[in-house]
Every structure is written in C-alpha cells, then in structure tokens.
Amino acid sequence: MTGTAAFSPQLKKLDQAVSAAHTFFVANPQHLQMREDIEKYRRMSGVKSDSFQDLEATPHWEAYETGVQHYGADEYLQAVARLEESLSEALSALEECRALCEGPREDEDEEEKMQPGLYEAIAAHYIQVLKCRQQCVLEIATKPGRISATEDFIPSHLDLLQFAYSQVGNQTLAAECAASYLLFYPTDEPMLEKMKQYRAELGEDAALTARQSIQHYVQRSLMEKKLIYYAVEHLGETFNDPDLWTPDELIPENLREKHREDQEKQKQETLDVEEREKRGALPFEGIAVTMDSQQMNGTQRVVFDRVLTESECKDLLQLTKAAGEAGDGYRARRSPHTPHERFEGLTVLKAVQLAQNGDVEWRDAKLLLQASEKSRRIIESYFTPGKKLHFSFTHLVCRRAVDGEQEGRMDLSHPVHADNCLLDPEGQECWKEPPAYVYRDYSGILYLNDDFQGGGLFFTEMDTVTVTAEVRPKCGRLVAFSSGKENPHGVWAVRRGRRCAIALWYTHSPEHAEQERVKAEELMEKRAMEQDQPGGDKHQGTDGSSRSSSEPRAPSRAAKPADQRQKPGLDRKQQPKVLRARDEF
C-alpha cells in the first residue's frame with residue numbers, strides 16, 4: 001500500500017494515490033509521514049474530498065471506531081447508535097465468513113488421500129469446516145491493514161453498550177447488554193454487580209435476559225468447540241481456540257492442564273503488570289483514573305480527570321490573560337518551537353508579583369499554587385508513594401494559533417522529545433546529559449480548556465514517528481508520566497484558538513527544587529500575615545481547605561475499555577548528534 005501511495009502521483013493517477021494514502025493512513029493513524037502526505041494531498045487543487053476513500057473499509061469497523069470515538073468523548077447517544085450498527089454488521093460479516101467455510105480447501109485433496117476410509121474423510125472435512133467457522137471471529141475482529149485481531153471483539157461491544165445505555169438512562173437495554181456479556185464471562189464480578197443494580201432499579205419481576213442473537217452465537221460456538229475438542233482428544237486433530245471466554249469444562253482433561261498452565265502464565269503476567277502498576281491511594285476524592293499505562297501502551301503513564309472544577313479552570317484562564325499582557329513567555333521569544341503559534345507563560349513567582357502590583361487577583365495567584373500542589377500530591381501518591389517529589393518547574397502556559405499563518409502548516413506545536421534526556425531517534429537512544437534537565441523524574445500537564453483545535457499530547461516510540469497513545473485536553477484533566485526515554489512525547493499543532501495548561505516537572509532531588517516557588521510561597525504567607533482579617537480573603541481552592549468554587553465534586557467511575565498495543569524498544573548506543581533540550585509541553 002505504501003508503494004502504491006508513493007508511485008501513483010508519479011504515474012499521474014492522483015485519485016488512486018489519494019485513496020491509497022488514505023487507506024494506509026486509516027489502518028496506520030500513528031504514521032506521521034503519511035499524515036503529512038495526506039495534508040499535502042488536501043492542499044492540491046485537483047484533489048476533491050470524495051477522493052479520500054478507504055479501499056479496504058468494512059462497515060462494522062467503520063461503525064466500531066466511530067462508536068468508540070463517541071464513547072471516549074462521553075457522547076453516549078451517538079456511541080450507542082454506532083456500536084449497535086457495528087455489532088449488527090459484525091454478526092452479519094461473521095455469517096458470510098462461516099458460509100465460505102463450506103467449500104473445499106486447496107489442500108483438502110492431499111489430506112483425503114491420506115485418510116484410510118470414507119468415514120474418516122467425512123469426519124476430517126467436517127472438523128475442518130468447524131475449525132474454519134471458529135476462526136471467523138478473528139477475521140471480523142482484525143482491522144483492515146492490521147495482522148492482529150482485537151481480543152474479545154463481540155463481548156467488548158456488549159461491555160461498551162452496557163455502560164453507554166446506562167449513561168443515557170436506558171437501564172432496560174443496559175441490563176440486556178450486561179446479561180448478554182455474562183454469557184461469555186458468567187463469573188465476571190463487576191458485571192454481576194451491575195446486574196444486581198439493574199434488578200434493583202427495574203424491579204425483581206423484570207425479565208432481564210440476554211439478546212437472542214447473542215444466545216444463538218454463544219450456544220452455537222460452544223457446540224462447535226465441543227465437537228472440535230472431541231476430535232482433538234480422539235482423532236489427533238489440533239485446534240487454536242480463538243476465544244478467551246471458552247469454559248474450562250469444555251476442554252478435554254488431558255489438555256486442560258496445559259490450558260490451565262497457559263492461563264496461569266497469562267494471569268501471572270497480568271499480576272506482574274498490576275504489581276508494577278500498583279500505586280498508592282489518591283489523596284483526593286472524586287478524581288478518576290481515565291487511562292493507565294496499559295491502556296496508553298507504555299509504562300509510567302496515567303491520565304486523571306476531575307482534578308479541577310469548571311469554575312477553577314475559568315479562574316486560572318483569567319490569570320492567563322495577565323500572562324499575555326505581562327509578556328512572560330519563553331525567553332522573550334514568540335514561541336520556542338514554531339512561528340505559527342504565540343507562546344504565553346507565567347511562573348508562580350510572576351503570578352504572585354502581579355498580584356502584589358494589583359494586576360491580578362490574589363486568590364487567582366493562590367489558586368495557581370494550590371492547583372499545582374494538588375497535582376504534585378496526586379502524582380506522588382500514584383507513582384512514588386512514600387517518596388517525596390519536589391517541584392522542579394511550574395509554568396502556566398498558553399499556545400495561541402496565529403491567525404493567517406495556519407494554511408500549509410506542517411510542523412508540530414512541540415516536536416517529539418523526552419524531558420530529562422536528549423532524544424536521538426536514529427540511534428534509538430536518549431542521552432542523559434546537559435543541556436537536558438537530567439534531574440527531572442516525573443512530568444505532568446494540567447489542562448484548563450478544550451475550546452481550540454489541535455494541541456493534543458501524544459506519545460511515540462523511540463523512533464519519534466510511531467504514535468502509541470494520544471491525550472485530548474479538557475478542563476481538569478491531568479496527564480502524568482515519568483520523564484525519561486520511555487516516554488517520548490510531543491504536541492500536535494494548535495491550528496485554531498488558544499490552548500492553556502499548567503506544565504509541571506518534578507524531581508526527587510531536593511537540591512533541584514524550584515526556588516521561584518519557595519519565594520512565591522513566602523510572599524503569599526507574608527501577605528496572609530499582613531491582612532487585617534486573617535480569614536477575610538479566603539478563596540476555596542483545589543486542595544479541599546481552599547477551593548475556588550463551592551461546586552460539588554463529580555462522582556468518579558471506572559476507566560473505559562481500550563485497545564492495547566505493546567511498544568518495542570531498542571538498546572543500541574552510538575555517539576549523540578548535536579541535540580537540544582526541549583523544555584515546555
């Protein structure tokens with residue numbers, strides 16, 4: 001596909017080139033070079049919007065990915081519609097695949113010659129048909145352009161639908177999806193708890209049954225598995241079961257031990273991951289862990305939501321206006337990374353000094369200190385419980401797209417980099433030496449708004465090209481990660497509007513603690529002592545004792561299901577090229 005995308009323009013077949021590039025990009029959205037090629041095509045005068053066709057599109061995958069996007073954006077009505085469409089199309093595609101299993105296979109003539117008799121040949125053919133039918137679930141669960149299937153593709157639809165229906169207030173259909181999911185995993189405790197909740201809400205007399213289509217799917221699959229495993233045990237057949245939900249009792253006793261060993265190995269690997277990911281309890285109520293390291297396809301990564309309220313975000317955004325007026329940007333430059341954006345920044349000390357001069361409210365400057373301290377405590381308790389994290393640098397930062405300079409833009413708002421070493425993608429190494437801030441251990445960014453276009457954070461592999469995870473900004477969302485080579489990251493271009501956030505870096509080394517913050521806190525304490533009425537200017541902030549708003553905390557909920565992908569790593573060393581440190585997010 002990449003070859004077609006590359007050579008079609010040279011053959012003057014522009015429409016085919018655009019479709020080929022678009023098809024490859026749909027299957028590989030992390031490919032930055034193809035992303036740039038797509039942008040070039042969009043600017044070409046001879047290219048129309050309908051030229052961007054996915055040549056390998058399948059209805060159920062288009063609906064599934066759109067549904068998951070709506071689900072991730074908390075647009076549950078739209079998510080329900082597309083996920084239901086995806087499930088229906090997937091089951092239809094499954095039936096088409098199963099029908100194709102009926103015909104003869106290319107190698108069947110050779111196998112029939114090896115069979116000693118008619119009945120054996122009939123049995124062998126029938127078993128091959130059954131195994132082919134079982135493998136069809138992998139066919140529909142594999143996204144076009146990929147080689148690996150999505151695990152639990154059908155059950156995952158029901159899991160997502162169950163939650164989405166509950167969010168839109170349709171408890172009856174939510175219960176139906178939960179009951180359907182339990183056909184695959186009848187001992188799943190969270191789903192059993194959900195069923196209890198739905199029974200309590202709908203009444204004990206309510207008929208909470210699984211969907212007929214799912215009942216048929218599971219019963220037929222179990223019957224086929226039973227016949228196949230009989231052939232495995234008595235006829236010497238082999239079988240790679242495509243499903244994780246196959247019950248143990250269906251597997252022959254002499255194979256069950258190996259199956260248990262495989263399951264135990266997988267379970268132990270999961271426990272090892274959980275142990276590595278085991279964190280301390282969060283010090284504040286109402287905060288949700290939206291994505292963890294596994295869901296973000298990496299290590300030492302996490303996304304928290306509801307760290308700030310809408311009111312607190314608005315107060316801090318008010319403070320950012322002073323940042324633009326004060327001109328406290330990045331070393332007096334318009335932007336450190338791109339001419340297409342204006343960079344505005346405010347340190348905690350500068351904020352307090354502006355408050356002293358009467359340019360900003362004292363309570364807003366105090367809120368900046370409180371919000372960053374709250375973030376520090378959350379990150380410390382999650383990643384390094386019992387081990388003190390000190391502020392290394394705190395920066396209230398806004399990036400504004402420059403009007404009239406976005407057309408044809410190909411760069412990033414912030415190039416891919418690591419926070420405590422000099423990233424060398426060609427050498428697949430990150431050199432921990434100056435001018436990098438080698439003492440930084442953890443990084444964080446606390447978003448204040450989402451009313452802009454672009455500006456999302458993304459993580460890559462060491463090659464700086466393969467995107468492994470993306471984080472969409474929104475008020476109160478905190479993304480945190482370790483600062484080393486395991487977490488290369490960048491920021492997509494801000495193409496419209498103004499993106500504001502508090503950028504945070506932390507260190508375990510007290511000697512590298514942020515001195516400006518110490519000075520800012522001293523000035524804040526001095527101001528409090530000078531007040532005639534000690535409690536007269538209280539402004540409730542994010543740490544519970546002082547909040548900027550009386551808004552109640554939003555309830556937390558479990559993190560959503562997500563696709564997973566492991567990222568490879570290399571350990572090849574060579575001498576570094578001339579590289580420079582990347583500072584801000």
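The analysis underlying the following values was restricted to heavy atoms, covering all of them including side chains, and did not include hydrogens, waters or symmetry mates.
- The NE2 atom of H216 lies 9.5 Å from the CG atom of L91; values are rounded to the nearest 0.5 Å.
- Here the closest non-hydrogen pair linking V137 and L94 is N-CD1, 3.7 Å.
- A 4.5 Å side-chain heavy-atom check between K485 and E429 finds at least one atom pair inside the cut-off.
- Between the side chains of D441 and S483, no donor-acceptor pair is found at a separation under 3.5 Å.
- Here the CG atom belonging to L227 is positioned 11.0 Å from the CG atom belonging to L222, to the nearest 0.5 angstrom.
- Scanning both residues, V416 and P488, for their nearest heavy atoms gives CG1-CB, 4.0 Å.
- A distance-only check finds no donor-acceptor pair linking the side chain of T66 to the backbone of A63 [under 3.5 Å].
- Contact annotation: the side chain of Y382 approaches that of D292 to within less than 4.5 Å [non-hydrogen atoms, C-beta and beyond].
- In this model, a donor atom of one side chain and an acceptor atom of the other lie less than 3.5 Å apart for Y442 and Q300.
- A salt bridge does not link R477 to D450: none of the charged side-chain nitrogens sits closer than 4.0 Å to a carboxylate oxygen.
- Atom CD of Q215 sits about 6.0 Å away from atom CG of L183, to the nearest 0.5 Å.
- Between the side chain of Q428 and the main chain of P425, a donor-acceptor pair closer than 3.5 Å is present.
- Comment: E224 does not engage K131 in a salt bridge, judged by the lack of any side-chain N to carboxylate O separation of less than 4.0 angstrom.
- Between the side chain of S221 and the main chain of Y217, no donor-acceptor pair closer than 3.5 Å is present.
- For CD of E95, the number of neighbouring non-hydrogen atoms (other residues, nucleotides, ligands) closer than 6.0 Å is greater than 12.
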Side-chain donor-acceptor contacts of residues 202-209 below 3.5 Å, not counting sequence neighbours, with atom names and distances?
none

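- Counting only N and O atoms by type, the side chains of W492 and E470 include a donor and acceptor under 3.5 Å apart.
- For Y76 and Y165, the gap between ring centers reaches or exceeds 6.0 Å.
- For the atom pair OG1 of T238 and CD1 of I127, the computed distance is 11.0 Å after rounding to the nearest 0.5 Å.
- For the pair R98/E139, no side-chain contact is recorded, criterion being any heavy-atom separation below 4.5 Å from C-beta on.
- Each of F458, F459, F304 was scored for a ring pair (Phe, Tyr, Trp, His ring centres under 6.0 Å) with F481, with one residue passing: F459.
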**Request:** Decide side chain to side chain contact (heavy atoms under 4.5 Å, CB included) for I140 and I154; before the verdict, give the C-alpha distance in whole Å, the side-chain angles of both, and the deciding distance to 0.1 Å.
**Result:** CA-CA 10 Å; I140 67 165; I154 299 299; 4.1 Å; yes
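- The environment of CZ in R472 is sparse: at most 12 heavy-atom neighbours from other residues, nucleotides or ligands sit within 6.0 Å.
- Residues E176 and S180 bring no donor and acceptor atom of their side chains to less than 3.5 Å of each other.
- Taken together, the cysteine pair C421 and C430 places its SG atoms within less than 2.5 Å of each other.
- Judged by distance alone, with hydrogens and angles left aside, the side-chain atoms of H60 form no donor-acceptor pair with the main-chain N or O of L87 at under 3.5 Å.
- Of the possible donor and acceptor atoms, one in the side chain of N170 sits under 3.5 Å from a partner among the backbone N and O of L173.
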**Request:** Take I214 and Y181, measure what side chain to side chain contact (heavy atoms under 4.5 Å, CB included) needs, and give me the verdict at the end.
**Result:** CA-CA 9 Å; I214 302 301; Y181 181 87; over 6 Å; no
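- For the pair R211 and C177, the tightest heavy-atom approach, listed with the atom from each and the gap, is NH2-SG, 3.5 Å.
- Proximity of L161 to Y71: side-chain heavy atoms (C-beta onward) are nowhere separated by under 4.5 Å.
- Side-chain N or O atoms of S88 include none that pairs as donor or acceptor with a backbone N or O of E85 at under 3.5 Å.
- The pair E96-R133 does not meet the salt-bridge criterion, since no charged nitrogen lies less than 4.0 angstrom from a carboxylate oxygen.
- Donor-acceptor pairing under 3.5 Å is recorded for the side chains of H417 and D419.
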Pairs under 3.5 angstrom only: tabulate donor-acceptor contacts from the side chains of residues 190-200 to other protein residues two or more places apart or in another chain.
unit_1 : atom_1 : unit_2 : atom_2 : d
Q197   : NE2    : E201   : OE2    : 3.3
Y198   : OH     : Q162   : OE1    : 2.5

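- For H70 and E75, the side-chain atoms include at least one donor-acceptor pair closer than 3.5 Å.
- Under a 3.5 Å cut-off, the side chain of W245 and the backbone N or O of P155 do not form any donor-acceptor pair.
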**Prompt:** Going through the distances and angles, do L235 and E120 end up as a side chain to side chain contact (heavy atoms under 4.5 Å, CB included)?
**Reply:** CA-CA 9 Å; L235 303 178; E120 288 82 355; over 6 Å; no
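- Considering only residues two or more places apart in sequence or on other chains, D188 meets the side-chain hydrogen bond (donor to acceptor under 3.5 Å, both in side chains) condition with none of them.
- Among all heavy-atom pairs drawn from L457 and I445, the shortest one is CD2-CG2, 4.4 Å.
- Contact record, V289 with V302: CG1-CG2, 3.8 Å, taken as the closest heavy-atom pair.
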**Request:** I would like to know whether E84 and V80 meet side chain to side chain contact (heavy atoms under 4.5 Å, CB included); could you show each step before the answer?
**Result:** CA-CA 6 Å; E84 287 285 16; V80 162; 4.3 Å; yes
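- Counting heavy atoms from C-beta on, the side chains of L478 and Y447 never come closer than 4.5 Å.
- N487 places a side-chain N or O within donor-acceptor distance of the main-chain N or O of T299, the cut-off being under 3.5 Å.
- Closest approach of F239 and I228 over heavy atoms only: CG-CG2, 3.5 Å.
- Ring geometry, H234 versus Y230: the interplanar angle falls from 30° to 60°, so the pair is classed tilted.
- Counting heavy atoms from C-beta outward, I378 and L282 have side chains that approach closer than 4.5 Å.
- Side-chain contact annotation: H489 with T460, donor-acceptor N/O pair under 3.5 Å absent.
- Side chain to side chain, T468 and R301 meet the donor-acceptor criterion of an N or O pair below 3.5 Å.
- Here the side chain of E89 pairs no donor or acceptor atom with the backbone of S86 at under 3.5 angstrom.
- How far OG1 of T246 is from NZ of K226: 14.0 Å, rounded to the nearest 0.5 Å.
- Expressed to the nearest 0.5 Å, how far CE of M296 lies from OG1 of T290 amounts to 10.0 Å.
- Using modelled atom types and a 3.5 Å distance limit, the side chains of D463 and T466 yield a donor-acceptor pair.
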